[in-house]
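Structure record follows, encoded as structure tokens.
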Amino acid sequence: MKYVLVTGGVVSGLGKGVTASSIGFLLQACGLRVTSIKIDPYLNTDAGTMSPFEHGEVYVLDDGGEVDLDLGNYERFLDIKLTRDNNITTGKIYQSVIEKERRGDYLGKTVQVVPHITDAIQEWIERVAKIPVDGKEGPADVCVIELGGTIGDIESMPFIEALGQFSYRVGPGNFCLVHVSLVPILNVVGEQKTKPTQHSVRQLRGLGLFPNLLACRCSKELDGSTKAKLAQFCHVPLSNVLTLHDVPNIWHIPLLLKDQKAHESILKVLNLPGIAAAPNLKEWTVRTKIYDKCHETVKIAMVGKYTGLSDAYLSVLKALLHASVAHNRKLIVDWVPAGDLEEDTYREDPKTHTAAWNLLKGANGVLVPGGFGDRGVQGKILAAKYAREHNVPYLGICLGMQIAVIEFARSVLGLHGATSTEFEPETKTPCVIFMPEGSKTHMGGTMRLGSRTTYFQVADCKSAKLYGNVSSVDERHRHRYEVNPDMVSQLESAGLSFVGKDETGSRMEIVELPSHPFFIGVQFHPEFKSRPGKPSPLFSGLIEAACEPKKTVTMPSNGHTKIPNGIYNGHSPIRKAHQNGNGFISSNGSLNGVFTNGNGVYVDGSC
């Protein structure tokens, strides 16, 4: 097993995740099998209980693991399926060591950070690196490890010590360290400054880790003199000093690395130069060029609660992007804070209210993503109502599906008190209820999580057609509440159609409005399985419908064949950079491939 460690220096948010993913993709293109591990030095056991404002979205894996969003980058770039153990946290390591101590596994010894914590880290890495993640048997050839945070952070010290020991443990030729650092350009003199990187490397070497390659983030391509200076003072070969300058979109990063022969440098360090083939990036290059040439736009209104931080909906943005590129459209996302659509905002700040509604009305499609809590719920209901009544394509994910059902019950059935017990526990008209198996005392890891099977109940529904007319689909879930099965017949008699259910037939997974051009809600999160070149079918359907002219409303109808036993011109809010975000800034000033432009944000290529 070969290991590639990616660390970061100077500042956070340089793009270690994208760099690690691009390196893995490049090695994969050379014919090697690649797996990935993300180390997060925080004390949380996992990302499940952290606010999106703290750390961006919580990415969900097939096995139900709630992990850092960088694992989503790995899965999208490499098209692999990782496990919860591929995300190592301080909380997990200390928990495992304390459990061993309680069992008496250390035979009465004093349990210390060194060697017990550091040994546990190394053992975890070796164990997880052997788990197949690409659908094939046997371990991968290379494991790419990303160490979160910045060199010098006190919480990452045990991991740095462990990785220093690990590099000697696996031996020369089996370990390659890529250090991502910042080379700023001071506007006063316009000179590329190498001192921050020099100090970062000096600190790294003082901790027992010696970089083999430098990946230097800069707004412009590094000058020859700058690269030579970095090579000399950081003790790295000149050919191993890589430029990661600003690019039009993040899909260019693997191509940028390839053009600088980063794969040859890494393979040489790993003693693999004669084994791996030349990287084949033909398909990736074609897709990148197609997106660069997209001029026709499609505008999607994202009505959510966390619109002040784009990373809170990172996988949704990527899924929209994948689908847009597949339909040769340049994606524009209009961020609509759900609360701004509500009447309270109209009374307090009419201009903000009007701007939000103008954004919604100017969109080609509406998407209401998942979320928790009652803030902004009424605004989301208004958005769903607008989309339903004006034939605007609508996709509701998780809470977005529940919102669609609540709105229908209020507007069509006349059940004005209809709501979810999440928002009103004592409501007399519970359209959405707490799942019986959920825990009301513990938050972490107690939701319905991971990959679950949805069985189509209606043969000719839009969802089934989008998935290729299959009888069932496996998608990832993360929820505590579900549509009240006792209200299903009443809702369906009024025109809604629950076309997808779980294996028991009592849990609603997909809802459609047959009379609408495209009005779909899903309890699961299809964004987590969308890949470049293989967009999620539901997102593809939304974009396709959004590209079509609006249609006239028809009377509700349930004309479907049952399958028996089917086992709102305002400006976008300013987004803050995610503290561990993949901050590749494009030449037009985008962050994570997302940049503001008038009344929306363009989304440029990022996996």
Pair Trp251, Phe25 - check ring pair (Phe, Tyr, Trp, His ring centres under 6.0 Å), show working. CA-CA 11 Å; Trp251 285 356; Phe25 177 73; over 10 Å; no
So Lys305 and Lys380, side chain to side chain contact (heavy atoms under 4.5 Å, CB included) or not? Walk me through it. CA-CA 9 Å; Lys305 178 180 178 181; Lys380 294 175 185 179; 4.1 Å; yes
Residue pair Glu57, Ser315: steps toward the side chain to side chain contact (heavy atoms under 4.5 Å, CB included) verdict: CA-CA 8 Å; Glu57 77 171 1; Ser315 290; 2.5 Å; yes
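Going from atom CD of Gln402 over to atom SG of Cys431 covers 10.5 Å, rounded to the nearest 0.5 Å. Glu527 CD to Leu395 CG: the interatomic distance, rounded to the nearest 0.5 Å, is 9.0 Å. To the nearest 0.5 angstrom, Phe518 atom CZ is 12.0 Å from Leu513 atom CG. The distance from the CG atom of Leu542 to the CD1 atom of Ile397 is 8.5 Å, given to the nearest 0.5 Å. A distance of 12.0 Å separates OG of Ser324 from NZ of Lys318, quoted to the nearest 0.5 Å. Rounded to the nearest 0.5 Å, atoms CG (Asp68) and CG (Asn87) are 6.0 Å apart.
Comment: Asp79 engages Lys534 in a salt bridge, judged by a side-chain N to carboxylate O separation of less than 4.0 angstrom. Taking a cutoff of 4.0 Å between a charged side-chain nitrogen and a carboxylate oxygen, Glu407 and Arg388 qualify as a salt bridge. Of the charged side-chain nitrogens involved, none lies within less than 4.0 Å of a carboxylate oxygen, so that Asp474 and Lys529 do not count as a salt-bridged pair. A salt bridge links Arg476 with Asp62: the distance from a Lys NZ or Arg NE/NH1/NH2 to an Asp or Glu carboxylate oxygen falls below 4.0 Å. A salt bridge does not link Asp349 with Lys351: none of the charged nitrogens is closer than 4.0 Å to a carboxylate oxygen.
Looking at heavy atoms from C-beta onward, Ser21 lies out of side-chain contact with Val18 at the 4.5 angstrom threshold. Side-chain contact between Lys299 and Asp334: present, with at least one pair of heavy atoms (C-beta onward) separated by less than 4.5 Å. Side-chain contact between Asp70 and Glu146 is present, with at least one heavy-atom pair separated by less than 4.5 Å.
Each of Leu321, Val298, Thr297 was compared with Arg329 under the side-chain contact (heavy atoms from CB on, under 4.5 Å) criterion, and only Val298 meets it. Evaluated for a side-chain hydrogen bond (donor to acceptor under 3.5 Å, both in side chains) with Asp292, the options Arg287, Lys330, His252 yield exactly one hit, His252.
Counting only distance, with no hydrogens or angles, the side chain of Ser530 and the backbone of Ser536 share a donor-acceptor pair below 3.5 Å. Of the possible polar contacts, none joining the Trp124 side chain to the Asn86 backbone as a donor-acceptor pair under 3.5 Å is found. Between the side chain of Glu512 and the backbone N or O of Ser463, at least one donor-acceptor pair lies under 3.5 Å. Checked by atom type and distance alone, the side chain of Thr19 pairs as donor or acceptor with a backbone atom of Gly15 at under 3.5 Å. Remark: the backbone N or O of Ala387 is paired with a side-chain donor or acceptor of His516 at under 3.5 angstrom.
Side-chain polar atoms of Arg410 and His416 form no donor-acceptor pair below 3.5 angstrom.
Val336 and Ala301 get closest at one heavy-atom pair: CG2-CB, 4.2 Å. Of all the heavy atoms in Leu256 and Leu244, the pair that sits closest is CD2-CA, 4.0 Å. Looking at every heavy atom in both residues, Arg217 comes nearest to Leu14 through NE-O, 3.1 Å.
Between Tyr467 and Phe456, the two ring planes are tilted [angle within 30° to 60°]. Relative orientation of the Tyr306 and Tyr313 rings is tilted, given thresholds of 30° and 60° on the angle between their planes. Between Tyr394 and Phe519, the ring-plane angle classifies as parallel under the 30° and 60° cut-offs.
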